[in-house]
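In what follows, residues are counted from 1 in the order of the sequence shown.
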Amino acid sequence: MRRLGKHTRGVLQAALACGMGVQILLGLAWLMQNMGGLQYFQESRLLLAGESGESGFYSGVLYRGLASLLSPCLWLLYGIQLTAAVGAAYELTCCLFGREKKALCLFSALALVTFPQAMQCHLAVLPWSLGTSLLLVETALWRRAWGLLSGRGGEAARGADGENGIPRAAVRLAVALLLGWLLLLLLLPIYAWFALPLPGALLWKLGKRWGRKGRIARVLTVLALVLCSITVNWGWNPAQWNRKLSTAALSRTGWPYFQHSYQVFPQPLHDDIGLVIARDVSTYADGVERVLIPRLEELYGAGETSARLWELAGICLRDNLKADAKNVIWDMAAYHAAPPILAMQLKGRAYDSYSGINYQQMKSRAPLLTSYYVTYGSRWWWAMLGLAAAAWACGWLPGGLYWKKAGRQPDSGGGESLGPGKTPGLSLGSRGRRFLGCWLPVLAGGEWMILHFVLCGSGIMDYKKTLWVTALWYLAALWPLAGGEGSSEWQS
C-alpha cells in the first residue's frame with residue numbers, strides 16, 4: 001500500500017506539472033503575439049486620453065498617472081505589469097515550496113501568471129493586473145507573518161526577539177503589509193476593501209500580545225484603514241453613498257427585465273420614464289447609470305433621484321424575484337469558477353456578461369491561438385483540480401503525506417508506531433481548524449470581492465475583476481507539487 005500510494009502520487013504530480021507546462025507555453029506564445037498591441041476597452045481608451053478621473057471607473061490616481069506617462073510606449077507598461085506579476089507570484093510560491101527550490105518556485109510563478117484571464121490583463125491598459133499582483137504580495141506577507149506569530153517558520157525558530165514576545169521580523173512584515181495596502185489604495189482603491197481582512201487579522205493577532213495601550217492602538221489603526229477606504233472609494237457625502245447603493249440595487253434587480261416591469265410602475269413614474277428609456281435600460285447592462293439616472297435627475301432633481309431608484313428597485317425585485325435569484329446564483333458561480341463558466345458563456349449556454357467583449361478583444365491579434373489558449377485553460381481548470389485532489393488524497397494513504405507529517409509508520413503487524421524522534425501528528429479535524437485559522441482572512445477577502453461585484457449589478461459579470469480568486473485556485477492546485485514538504489512558513 002505504501003509503494004502503491006507513493007507511486008500513484010508521483011504519476012499524478014508529473015501529470016499536474018505537464019499540464020501546467022502546456023499552459024505556460026501557450027501563455028508565452030500568446031504573449032509574443034500581443035506584446036505590442038492594444039486591447040480597446042473603454043476604460044483603456046479613457047486612461048490613455050487622460051479622461052478616466054471623472055468617469056467613475058476603478059483606476060486609482062497612481063495607475064492613471066502611470067498609464068498617462070507610458071502611453072507612448074505601451075510595451076514598457078506591459079513589461080512593468082508582467083514583471084510585477086511574476087515577482088508577486090514568485091514571492092507567494094516561495095512560501096509554498098521554500099526559497100531553496102528556486103526552479104520549482106519559478107515554474108509555479110509562471111503557472112500563476114499565464115492562465116488566460118490573467119495574461120489578458122497583463123497585456124492591457126487596465127489596473128487589474130497590478131492590483132492583483134499587490135493582492136498576491138499581501139497574501140504572501142500575511143502568510144509569513146502568521147507563521148512567525150504562530151511559532152512556525154525560520155524566524156520564529158530563533159525565538160521572540162522583540163517586546164511582548166513579538167518577533168521583530170513579524171513587526172516588519174506587519175509594516176510592509178500596511179504599506180502595501182496603502183499602495184493598493186492609490187493603485188486600485190476598490191481592492192483595498194477586499195485586502196482589509198489581512199492587515200486587520202494581523203493587527204488582531206499582534207494585539208493579543210500587547211498591553212491595553214497596544215490594543216487601543218490596534219482598534220484605532222483598523223478604524224483609520226476603514227475610513228481611508230470609505231474616503232477614497234465613496235467620499236464623505238452620505239447622499240453619494242446612498243446614490244451608489246440605490247444605483248447598484250436597481251441595476252441588480254432591474255436588468256434585463258426593466259421593460260417588462262415598466263408596465264407595473266405607478267403613475268407618474270410610468271409616464272415620466274417612458275417606453276424608450278425603459279427599452280434602453282433593458283438593452284444595456286449599465287443602462288440605469290447611463291440613461292435612467294439623467295432622466296430622473298432632470299425630472300426630480302438630484303436629491304429625490306435616489307429615493308426613486310430605491311422605489312424602482314423594490315418594484316423590480318417583487319416582479320422578477322425568481323429570475324433575479326437565478327442571476328445571482330449564476331454570477332456567484334461565474335466569479336468563483338471563472339475559467340469553466342467562461343467556456344459556457346462563449347457557447348451561449350450561460351447568460352449575458354462582459355465575457356464576450358473580453359474575448360473579442362483578447363483574440364483581435366491572434367484569433368486561432370487565443371481560441372486554443374482559452375479552450376485549454378477552461379478545460380485544464382477542472383483537470384488540474386482533479387489531479388491535485390487525487391494527489392492530495394494519495395498523500396493521506398499509509399506511507400503518504402499524513403503518515404509523514406504525523407511521524408507515524410505502519411508497523412509489521414499493520415498497526416501504527418512512531419518513528420525515531422517523531423511525535424504524534426494532528427488529526428484531520430485539528431489540521432482543518434489550523435487551516436481555517438491561517439487562511440480565513442484570505443478566504444474572507446476573496447468572498448467579499450465576489451459578493452461586492454455580484455451586488456454591483458446584473459449582466460456585468462467581468463472575470464478581469466476577480467483574478468485574485470482565480471489565482472488562489474491555481475495556487476491550491478500547485479500544493480501537491482511540494483511533495484508533502486513545502487516551506488515551514490506555509491505549514492498549516
Inter-residue atom distance [X].[atom1] - [Y].[atom2], 0.5 Å rounding:
{"X": "Leu130", "Y": "Leu62", "atom1": "CG", "atom2": "CG", "answer": "8.5 Å"}
{"X": "Cys456", "Y": "Ile190", "atom1": "SG", "atom2": "CD1", "answer": "6.5 Å"}
{"X": "Thr132", "Y": "Glu138", "atom1": "OG1", "atom2": "CD", "answer": "12.5 Å"}
{"X": "Leu26", "Y": "Leu369", "atom1": "CG", "atom2": "CG", "answer": "6.5 Å"}
{"X": "Leu48", "Y": "Leu77", "atom1": "CG", "atom2": "CG", "answer": "8.5 Å"}
{"X": "Phe115", "Y": "Gln117", "atom1": "CZ", "atom2": "CD", "answer": "6.5 Å"}

Would you say the side-chain atoms of [X] pair up with the backbone N or O of [Y], donor to acceptor, closer than 3.5 Å?
{"X": "Ser364", "Y": "Gln361", "value": "yes"}
{"X": "Ser229", "Y": "Leu225", "value": "yes"}
{"X": "Ser251", "Y": "Gly457", "value": "no"}
{"X": "Gln120", "Y": "Asn358", "value": "yes"}
{"X": "Thr375", "Y": "Tyr372", "value": "no"}
{"X": "Gln33", "Y": "Leu28", "value": "no"}

Quiz item: Strictly under 6.0 Å, is that where the ring centroids of Tyr284 and Trp255 end up?
Solution: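 No - the distance between ring centres of Tyr284 and Trp255 does not fall below the 6.0 Å cut-off.
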
Can you check whether [X] reaches [Y] side chain to side chain, under 4.5 Å on heavy atoms?
{"X": "Pro189", "Y": "Tyr58", "value": "no"}
{"X": "Val222", "Y": "Leu196", "value": "no"}
{"X": "Trp181", "Y": "Cys228", "value": "yes"}
{"X": "Leu82", "Y": "Met119", "value": "yes"}
{"X": "Ile341", "Y": "Tyr335", "value": "no"}
{"X": "Thr470", "Y": "Pro339", "value": "yes"}
{"X": "Leu135", "Y": "Met449", "value": "yes"}
{"X": "Ser44", "Y": "Leu126", "value": "yes"}

Quiz prompt | Criterion side-chain contact (heavy atoms from CB on, under 4.5 Å) on Tyr90 and Leu112, from CA distance to verdict | solution = CA-CA 9 Å; Tyr90 184 81; Leu112 290 179; over 6 Å; no

Any idea which heavy atoms bring [X] and [Y] closest together, and the distance?
{"X": "Thr93", "Y": "Ala109", "answer": "CG2-N, 4.0 Å"}
{"X": "Ala195", "Y": "Leu184", "answer": "CB-CD2, 3.8 Å"}
{"X": "Trp473", "Y": "His336", "answer": "NE1-O, 2.7 Å"}
{"X": "Ile460", "Y": "Ala285", "answer": "CG2-CB, 3.5 Å"}
{"X": "Gln13", "Y": "Pro480", "answer": "NE2-O, 2.5 Å"}
{"X": "Met461", "Y": "Ser355", "answer": "SD-OG, 3.8 Å"}

Practice problem: Tell me, please, which residues at least two apart from His452 pass ring pair (Phe, Tyr, Trp, His ring centres under 6.0 Å). | Solution: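 Counting only residues at least two positions away or on another chain, His452 forms a ring pair (Phe, Tyr, Trp, His ring centres under 6.0 Å) with Phe194.
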
Exercise. Please name all residues satisfying ring pair (Phe, Tyr, Trp, His ring centres under 6.0 Å) with Trp193, sequence neighbours left out, ordered by chain then number.
Key: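 By the ring pair (Phe, Tyr, Trp, His ring centres under 6.0 Å) rule, Trp193 matches Trp234, Trp448.
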
Self-check item: Derivation of the side-chain contact (heavy atoms from CB on, under 4.5 Å) call for Ile450 and Val454
Solution: CA-CA 6 Å; Ile450 291 171; Val454 167; 4.1 Å; yes

Quiz item: More than 12 non-hydrogen atoms from neighbouring residues, nucleotides or ligands closer than 6.0 Å to CZ on Arg379, yes or no?
Solution: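 Result for CZ/Arg379: open.
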
Quiz item: Relative to the ring of Tyr191, is the ring of Trp128 parallel (under 30°), tilted (30 to 60°) or perpendicular (over 60°)?
Solution: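 Trp128 vs Tyr191 ring planes: tilted.
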
Quiz item: What orientation do Tyr376 and Trp380 show, parallel under 30°, tilted 30 to 60°, or perpendicular over 60°?
Solution: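 Correct class here is parallel.
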
Quiz item: Does the side-chain contact (heavy atoms from CB on, under 4.5 Å) test come out yes or no for Leu478 and Met20, once each step is laid out?
Solution: CA-CA 9 Å; Leu478 288 167; Met20 289 294 189; 3.9 Å; yes

Quiz item: Are Ser59 and Glu43 linked by a side-chain donor-acceptor pair shorter than 3.5 Å?
Solution: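 On atom types as modelled, these side chains qualify, holding a pair under 3.5 Å.
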
Quiz prompt | Step-by-step side-chain contact (heavy atoms from CB on, under 4.5 Å) determination, Val125 to Tyr78 | solution = CA-CA 8 Å; Val125 186; Tyr78 298 160; 4.1 Å; yes

Practice problem: Is it possible for you to check whether Lys101 lies under 6.0 Å from the centre of the six-membered ring of Phe107, through NZ or CZ, and within 45° of that ring's axis? | Solution: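 Not flagged: Lys101 not positioned over aromatic ring of Phe107.
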
Practice problem: Tell me, please, which residues at least two apart from Val137 pass side chain to side chain contact (heavy atoms under 4.5 Å, CB included). | Solution: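 Scan of Val137 (side chain to side chain contact (heavy atoms under 4.5 Å, CB included), adjacent residues dropped) gives Ala88, Leu141.
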
Quiz prompt | Set of side chain to side chain contact (heavy atoms under 4.5 Å, CB included) partners for Thr370, sequence neighbours left out | solution =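 Here the qualifying residues are Trp30, Tyr359, Met362, Lys363, Ala366, Val374.
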
Name every donor-acceptor pair, under 3.5 Å, that has one atom in a side chain of residues 381-389 and the other anywhere in the protein, sequence neighbours excluded.
none

Quiz item: Does the distance from a Lys or Arg side-chain N to an Asp or Glu carboxylate O, for Asp331 and Arg252, drop under 4.0 Å?
Solution: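 Between Arg252 and Asp331 there is a salt bridge, with a charged N closer than 4.0 Å to a carboxylate O.
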
Practice problem: Please list all pairs passing the salt bridge (charged side-chain N to carboxylate O under 4.0 Å, His left out) test where one or both residues lie in residues 67-91, with sequence neighbours left out. | Solution: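 Applying salt bridge (charged side-chain N to carboxylate O under 4.0 Å, His left out) to every pair that reaches into residues 67-91, excluding sequence neighbours, yields Glu91-Arg99, Glu91-Arg144.
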
